[in-house]
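A short worksheet on the structure shown next.
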Amino acid sequence: MEPVLQPWDDSQTIAKSKITSRASIRIFEKYPLKEENVSTLFSTEEMAGGEPGELYKLCRQLLNVWKYAIFFQPKPENFANLLQESNYPAPVIKGILEAYSSETFAELVESLASCSNSNIPRVISTDWTCRAVARQNNIAFSDREATLTLSTDKGVKQVNLSAKELEKLYWTVSKVQESLDGLLER
């Protein structure tokens with residue numbers, strides 16, 4: 001389900017860029033965050049003298065903004081225009097754009113892009129070794145085999161490929177390369 005940017009809540013009393021930016025960074029640090037958990041963003045000491053209910057209301061609104069921004073990743077100027085159309089106050093937009101251009105946001109997007117929900121390890125690097133087998137069990141014959149070493153985010157895995165598996169891998173890789181070449185020619 002695609003996130004929808006909610007319009008600014010007119011009952012919101014906090015409309016300052018520094019608070020908006022700071023709350024946004026906190027959301028990034030704890031992301032993914034559920035709406036019911038926004039009260040965990042700030043400690044009691046940080047809330048001293050402030051109005052917790054209003055801050056959490058702002059955080060819930062910002063959480064919606066950041067879900068939208070992470071999903072669509074609009075250009076900053078388009079994002080600012082969209083926020084203006086949704087009646088966000090100028091100081092809040094300024095705080096959101098400061099957080100949007102922060103290193104913390106870039107790291108969050110990168111970490112979300114690199115994670116997989118399929119539980120399939122992400123390949124970091126590959127290495128391979130080919131050899132010809134001349135004897136097996138004191139019987140002379142000649143065959144090829146390869147050892148493919150895959151370094152993944154879950155460790156190193158070695159796969160031994162027979163000549164038939166090696167040929168199948170070659171044709172699969174060739175087919176993928178053809179598809180990529182076709183895409184690049186468009």
Side-chain angles (χ1 to χ4, degrees), residues 1-10 12 14-43 45-47 50 52-127 150-157 173 176-177 179-186:
M1 186 169 108
E2 291 183 5
V4 176
L5 183 63
Q6 299 295 323
W8 178 253
D9 182 359
D10 290 328
Q12 180 61 257
I14 299 176
K16 297 179 180 172
S17 66
K18 282 190 178 187
I19 293 174
T20 301
S21 180
R22 193 167 136 226
S24 295
I25 298 296
R26 288 292 174 91
I27 289 170
F28 301 158
E29 290 169 348
K30 299 224 180 195
Y31 202 85
L33 181 71
K34 292 186 179 179
E35 212 172 286
E36 58 267 14
N37 295 335
V38 294
S39 60
T40 64
L41 291 173
F42 295 95
S43 66
E45 296 80 35
E46 292 174 301
M47 294 300 297
E54 287 301 312
L55 181 60
Y56 296 143
K57 193 170 162 185
L58 173 67
C59 289
R60 281 190 284 282
Q61 180 113 36
L62 289 173
L63 184 59
N64 170 262
V65 169
W66 293 119
K67 284 179 183 176
Y68 180 88
I70 289 167
F71 188 85
F72 290 107
Q73 296 179 22
K75 292 184 177 177
E77 52 277 357
N78 295 344
F79 194 32
N81 291 338
L82 185 63
L83 292 168
Q84 286 172 342
E85 290 170 9
S86 298
N87 298 322
Y88 282 73
V92 171
I93 293 173
K94 181 182 178 202
I96 288 172
L97 292 177
E98 284 173 11
Y100 192 62
S101 61
S102 72
E103 186 66 30
T104 310
F105 183 72
E107 289 170 1
L108 172 63
V109 170
E110 176 64 29
S111 71
L112 291 173
S114 67
C115 74
S116 170
N117 294 323
S118 66
N119 206 22
I120 297 172
R122 187 171 62 112
V123 176
I124 298 167
S125 68
T126 59
D127 193 18
L150 304 166
S151 297
T152 70
D153 56 352
K154 294 184 179 177
V156 176
K157 181 175 182 172
V173 169
V176 169
Q177 185 64 53
S179 297
L180 289 173
D181 291 344
L183 288 172
L184 293 173
E185 289 175 359
R186 290 184 186 175

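All values derive from a computational prediction rather than experimental measurement.
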Using side chain to side chain contact (heavy atoms under 4.5 Å, CB included) as the criterion, list what pairs up with S125, not counting sequence neighbours.
S151
Nearest 0.5 angstrom please: Q12 CD to L62 CG, how far?
8.0 Å
Just verifying a value: how many Å separate K16 NZ and S21 OG, rounded to the nearest 0.5 Å?
14.5 Å
Would you call the rings of Y100 and F79 parallel, tilted or perpendicular if under 30° counts as parallel and over 60° as perpendicular?
tilted
Candidates I19, L41, V38 - the one meeting side chain to side chain contact (heavy atoms under 4.5 Å, CB included) with L55:
I19
What's the verdict on side-chain hydrogen bond (donor to acceptor under 3.5 Å, both in side chains) for D181 and Q177, showing C-alpha distance, side-chain angles and the deciding distance?
CA-CA 6 Å; D181 291 344; Q177 185 64 53; 2.9 Å; yes
In the structure I gave you, are the side-chain heavy atoms of [X] and [Y] within less than 4.5 Å of one another anywhere?
| X | Y | result |
| --- | --- | --- |
| Y31 | L112 | yes |
| I96 | W66 | yes |
| Y88 | V65 | yes |
| T152 | K157 | no |
| P74 | L82 | no |

Donor-acceptor pair, side chain of D153 and main chain of I124, under 3.5 angstrom:
no
Determine whether a donor-acceptor pair (N or O, by modelled atom type, separation under 3.5 Å) exists between the side chain of S102 and the backbone of A99.
yes
Would L108 and S111 count as a side-chain contact (heavy atoms from CB on, under 4.5 Å) here? Give the steps.
CA-CA 5 Å; L108 172 63; S111 71; 4.3 Å; yes
Can you confirm whether K57 is buried at NZ, in the sense that more than 12 heavy atoms of other residues, nucleotides or ligands lie under 6.0 Å from that atom?
yes
When you look at NZ of K154, are more than 12 heavy atoms from neighbouring residues, nucleotides or ligands closer to it than 6.0 Å?
yes
